[in-house]
Amino acid sequence: MSGRARLAAAVGAVGAALCVLGAFLEPRRAAAAYLVAYAAAVSTALGALSLLMIGRLSNATWLVAPRRLFERVAWTLPLLALLALPLLVAIPVLYPWTWPATRLAPEVATAVARKTAYLNVPFFIVRAVLYLATWTVLAEAMRRASLREDAGPDAAAARRLYRLSAGGLPLLALTLTFAAFDWLMSLAPEWYSTIYGATWWAGGVVGALALVGVLARGAARGAMADVLTTGHRHAVGKLLLTFVMLWAYFAFSQLLVIWIARVPVEARWYAVRARGGWGVVSGALLVGHFALPFLALLPRWTKRHAGALAALGWWLLAMHWLDTYWLVMPEVTPAGPAPHWVDLAALLAVGGLATAYGAWRMRGAATVPRGDPRLGASLEYDVA
């Protein structure tokens with residue numbers, strides 16, 4: 001393991017220890033902070049996995065050369081499955097649908113009573129295990145087939161990757177959507193949105209592409225200096241622009257439908273996020289997650305310049321975390337944002353451990369999939 005990976009592991013260990021301390025001092029606040037960090041990380045990994053599958057199905061030649069950067073993100077899913085355990089332990093303090101009706105507002109108690117067949121702890125845990133197992137199996141099957149190609153052209157491995165992508169992508173979409181409903185949307189059990197899962201997925205893909213932009217900057221200075229071209233960065237930048245707009249479209253569509261319907265129970269979710277400090281955060285997301293990156297990614301230069309793409313990647317990773325914070329924390333501190341040291345601790349724990357694990361899993365893997373017959377064309381890829 002490299003020095004940077006060991007440092008990331010040490011940071012993750014310190015963050016985890018601080019999270020344990022926070023769980024003793026303020027259990028619900030610590031659980032919510034951990035949920036924010038975990039949901040941001042796992043959605044990023046799932047975004048990378050979905051892009052790998054889409055690339056296989058669409059026969060995307062440009063993706064071959066930088067594919068290991070995407071795989072490095074997706075291959076963290078087995079660890080992230082283990083890191084979900086604290087959330088399962090924290091269910092009774094985190095989710096209102098587990099509380100006695102006397103602790104809930106009348107409309108919330110009524111909604112919970114109608115949903116007990118779905119919102120109950122045993123079924124919640126069974127579903128969570130199913131989601132995590134599905135993602136881990138898909139990621140590991142894709143990993144094994146991809147590594148087989150390192151030994152040389154392997155038609156069987158290529159066919160397996162195509163079939164895994166064709167069968168796994170709908171399964172990934174279904175499990176990801178219901179995970180968003182369970183882990184995030186059920187924090188407000190009286191509220192629902194059918195586009196919620198799609199919005200969370202689009203944000204995760206933005207996070208994955210942003211992280212690849214950051215990793216590409218470091219890789220271009222190291223072992224992949226002769227592999228990554230301006231064309232590859234341009235392709236990542238174009239996809240990033242696409243998914244920034246898609247995230248904004250999904251988010252605006254959800255707001256528009258609820259605004260037009262004017263149903264009080266549905267509007268309450270947005271009412272909390274539109275006033276006071278949460279209104280400021282909403283405005284920051286509008287500008288920082290959409291307007292600024294949209295304008296920044298329009299010029300051709302930004303998409304092709306390694307430093308600019310990496311800087312924008314760091315910015316969008318921060319915005320992805322803030323977006324997840326905005327989804328979770330108003331249900332815990334509705335009066336307004338209340339920054340807490342445990343927010344940073346959770347981010348260090350999940351981010352540090354995932355970074356170290358992702359680097360460790362790359363050991364022995366070639367920097368590029370040498371056996372892919374499209375590698376030559378990918379190395380020469382550029383955008384006119």
Asks: Going by heavy atoms in the side chains, are T110 and L104 under 4.5 Å from each other?
Replies: no
Asks: Taking all non-hydrogen atoms of both residues into account, name the closest pair between P337 and V281 and its distance.
Replies: CG-CG2, 3.8 Å
Asks: Is there side-chain contact between F243 and L246, with at least one heavy-atom pair below 4.5 Å?
Replies: yes
Asks: Is any side-chain heavy atom of L25 closer than 4.5 Å to one of V342?
Replies: no
Asks: Main chain of G47, side chain of S50: is a donor-acceptor contact present, judged purely on distance under 3.5 Å?
Replies: yes
Asks: Between W326 and S282, is any side-chain donor less than 3.5 angstrom from a side-chain acceptor?
Replies: yes
Asks: Which heavy atom in V36 sits nearest to a heavy atom in T324, and how many Å separate them?
Replies: O-CG2, 3.5 Å
Asks: Got W278 and T333 here, is their nearest side-chain heavy-atom distance under 4.5 Å?
Replies: yes
Asks: Regarding N59 and Y162, is there a side-chain donor-to-acceptor distance under 3.5 Å anywhere?
Replies: no
Asks: Does the side chain of L164 come within less than 4.5 Å of R56's, by heavy atoms?
Replies: no
Asks: Can you tell me how the ring of H289 sits relative to the ring of W247, calling it parallel under 30°, perpendicular over 60° and tilted otherwise?
Replies: parallel
Asks: Given the ring of W360, does R363 sit roughly above its face, with NZ or CZ under 6.0 Å from the centre of the six-membered ring and within 45° of the axis?
Replies: yes
Asks: Check whether any side-chain heavy atom of L184 sits under 4.5 Å from a side-chain heavy atom of V328, and report yes or no.
Replies: yes
Asks: Check whether the ring centres of W200 and F181 lie less than 6.0 Å apart, and answer yes or no.
Replies: no
Asks: Would you kindly check if the NZ (Lys) or CZ (Arg) of R127 is within the cone defined by 45 degrees around the ring axis of Y131 and under 6.0 Å from the six-membered ring centre?
Replies: no
Asks: Could you tell me whether the side chains of R374 and Y381 share a donor-acceptor contact shorter than 3.5 Å?
Replies: no
Asks: Applying the side-chain contact (heavy atoms from CB on, under 4.5 Å) test to T230, which of H305, R304, R300 qualifies?
Replies: R304
Asks: Looking only at atom types and distance, does a side-chain atom of N120 sit under 3.5 Å from a main-chain N or O of T116, one as donor and one as acceptor?
Replies: yes
Asks: Decide, yes or no, whether a salt bridge links E190 with R268 under the criterion of side-chain N to carboxylate O below 4.0 Å.
Replies: yes
Asks: Start with the C-alpha distance between L46 and L77, add both sets of side-chain angles, then the distance that settles side chain to side chain contact (heavy atoms under 4.5 Å, CB included), and finish with yes or no.
Replies: CA-CA 8 Å; L46 292 172; L77 280 166; 3.9 Å; yes
Asks: Are any side-chain N or O atoms of S43 and backbone N or O atoms of A40, one a donor and one an acceptor, separated by less than 3.5 Å?
Replies: yes
Asks: Would you confirm whether R233, through its side chain, and K303, through its main-chain N or O, come within 3.5 Å as a donor-acceptor pair?
Replies: no
Asks: Please work out whether the ring planes of W97 and F124 are parallel, tilted or perpendicular, with thresholds of 30° and 60°.
Replies: tilted
Asks: Using only heavy-atom distances, determine whether the side chains of E71 and S146 contain a donor-acceptor pair under 3.5 Å.
Replies: yes
Asks: Quick one: are L119 and V112 in side-chain contact, heavy atoms under 4.5 Å?
Replies: no
Asks: Does the structure place the NZ or CZ of R273 under 6.0 Å from the centre of the six-membered ring of W269, at an angle of no more than 45° from the ring's axis?
Replies: yes
Asks: Taking the six-membered ring for Trp, are W321 and Y325 closer than 6.0 Å centroid to centroid?
Replies: yes
Asks: Are V14 and L348 close enough that some pair of their side-chain heavy atoms sits under 4.5 Å apart?
Replies: no
Asks: Do other residues, nucleotides or ligands put more than 12 heavy atoms under 6.0 Å from the CH2 atom of W99?
Replies: yes
Asks: Donor-acceptor check, side chain of R67 to backbone of L52, threshold 3.5 angstrom: yes or no?
Replies: no
